[in-house]
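Only this structure's heavy atoms are used, side chains among them; waters, hydrogens and symmetry mates stay out. Counting starts at 1 for both ligands and their atoms, following the listed order. Because the structure is a prediction, the values reported are computed rather than measured.
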Amino acid sequence: MDQKNFPLLSLPFSLLLLLQCTRSLSQEPAAAPSGPTNITRILEKGGQFTTFIHLLQVTQLGDQIDTQLNNSNQGLTVFAPTDNAFSSLKPGTLNTITNQDKVALVQFHVLPNFLALSQFQTVSNPLRTQAGDTGNGEFPLNVTTSGNQVNISTGVVDAILGNTVYTDNQLAVYQVDKVLLPLSIFGPPSPAPAPVAGGTEKKKSAGSPSAAGTDSPADSSGAIGDALHGAVAFGAAFFGIFYL
Ligand SMILES: *[C@@H]1O[C@H](CO)[C@@H](O)[C@H](O)[C@H]1NC(C)=O
Ligand SMILES: *[C@@H]1O[C@H](CO)[C@@H](O)[C@H](O)[C@H]1NC(C)=O
Ligand SMILES: *[C@@H]1O[C@H](CO)[C@@H](O)[C@H](O)[C@H]1NC(C)=O
Ligand SMILES: *[C@@H]1O[C@H](CO)[C@@H](O)[C@H](O)[C@H]1NC(C)=O
């Protein structure tokens, strides 16, 4: 009936149809999400990426990823550290970096192109990530493979590529067992190249000596005490993430 409107509608519609068909052919049935790709929803389905989801939210990089996927034909690859990966970080790791570094840390887990699992066998090092100014290679990752195992090295940590959480030829999400800590943030301090104006005072509050080494009397049970310390430190790290 609305012959004039029909051609206008039909192109995007058939593209969408095509996309849905390709997806349902290559994925498990009923996996095709409705609407545009939503990295948060994908990770939520994975069930063990709570901390990474929080980081994507507080840095607003989740939205950015969705937008970028919508606007690019290069696709993206995301390395998603599990909650276990975050909880095995040294306590305070995320607390002690600036918000800017937090953003870079998350961007470091994103490659500006789609990489199928098989492509890791042939990529050339170092890989460029989304962190830093594009193209300056400030935040590189190296990949090594041995058989089907893929290792990702940052110079600070070696992570092992785990399950494919999601792939659709545009976006690939792979589980990693470690948080990828960039060398330029977490590496050994490089000899200061030039004096920078502005307070670079060490924030380390020389620490009350009593809190450092000696046992507090409350720590009657070592195991519980340690678990508590861990939990408190982790909670503090979480707080740090939330209140950027
Ligand atoms: C993506 O999914 C999350 C969680 O399911 C939801 O809160 C958010 O609104 C979604 N974003 C968009 C743009 O639909
Ligand atoms: C994706 O692109 C479409 C068409 O350009 C636009 O209407 C939609 O808002 C975009 N979605 C996101 C999440 O950017
Ligand atoms: C990958 O990392 C593991 C653990 O760090 C190491 O044992 C293994 O040799 C590495 N494999 C490759 C191919 O680099
Ligand atoms: C990564 O690979 C490049 C090229 O092979 C090498 O120069 C660099 O030292 C490697 N970096 C790390 C952290 O392994």
Side-chain angles (χ1 to χ4, degrees), residues 12 16 19-20 23 27 30-72 75-83 85 93 101 104-113 115 119-132 134-146 149-161 165-168 170-173 175-191 241-242 244:
L16 201 74
L19 199 71
Q20 299 281 30
R23 274 191 181 160
Q27 302 282 307
S34 55
T37 311
N38 180 328
I39 184 74
T40 307
R41 204 191 307 141
I42 287 167
L43 289 170
E44 278 175 354
K45 273 194 179 174
Q48 49 174 334
F49 303 108
T50 324
T51 310
F52 193 54
I53 291 170
H54 282 309
L55 276 172
L56 286 170
Q57 281 165 349
V58 294
T59 56
Q60 297 185 349
L61 290 170
D63 291 341
Q64 209 169 303
I65 286 171
D66 293 344
T67 308
Q68 207 174 334
L69 280 170
N70 207 17
N71 300 327
S72 111
L76 292 175
T77 300
V78 175
F79 299 119
T82 58
D83 289 333
T93 300
D101 283 348
L105 173 70
V106 179
Q107 287 173 324
F108 191 57
H109 289 74
V110 184
L111 306 181
N113 53 325
L115 280 184
Q119 288 176 277
F120 284 97
Q121 304 284 343
T122 53
V123 285
S124 46
N125 287 327
L127 268 68
R128 222 157 36 79
T129 68
Q130 296 255 97
T134 32
N136 73 356
E138 192 189 346
F139 290 91
L141 283 177
N142 279 359
V143 165
T144 54
T145 59
S146 161
Q149 182 176 305
V150 180
N151 277 16
I152 301 168
S153 170
T154 72
V156 179
V157 297
D158 290 310
I160 295 175
L161 202 74
V165 179
Y166 179 87
T167 182
D168 66 0
Q170 252 273 298
L171 170 68
V173 181
Q175 180 179 320
V176 286
D177 68 336
K178 301 237 177 71
V179 180
L180 305 177
L181 302 176
L183 187 62
S184 54
I185 299 175
F186 295 97
S190 48
I241 298 167
F242 264 102
L244 271 179

Shortest protein contact, atom 6 (C) of ligand 4 (heavy atom only): Asn142 ND2, 4.1 Å
What protein heavy atom is closest to atom 4 (C) of ligand 4, reported as residue, atom name and distance in Å? Asn125 O, 4.2 Å
Short check: is a protein heavy atom less than 4.0 Å from atom 11 (N) of ligand 4? yes
Using a distance threshold of 4.0 Å (strictly less than), state whether atom 2 (O) of ligand 4 has a protein heavy-atom neighbour. yes
Could you tell me whether a side-chain N or O of Asn142 sits under 3.5 Å from a main-chain N or O of Ser153, the two making a donor and an acceptor? no
Ignoring hydrogens and angles, tell me if any N or O in the side chain of Asn151 forms a donor-acceptor pair with the backbone of Thr145 under 3.5 Å. no
Within the structure provided, determine whether Thr82 and Thr51 are in side-chain contact (heavy-atom separation under 4.5 Å). no
Does some side-chain heavy atom of Leu171 sit less than 4.5 Å from a side-chain heavy atom of Ile42? yes
Which ligand 4 atoms does Gly155 reach within 4.0 Å, using its non-hydrogen atoms? 13 (C)
Between ligand 1 and Glu44, is the shortest N or O to N or O distance under 3.5 Å? yes
Per the side-chain contact (heavy atoms from CB on, under 4.5 Å) rule, which among Thr154, Leu180, Leu141 passes with Thr129? Leu141
Atom CD of residue position Glu44 - does it have more than 12 heavy atoms of other residues, nucleotides or ligands inside 6.0 Å? yes
At less than 4.0 angstrom from any non-hydrogen atom of Asn38, what atoms of ligand 1 do you find? 1 (C), 2 (O), 3 (C), 8 (C), 10 (C), 11 (N), 12 (C), 14 (O)
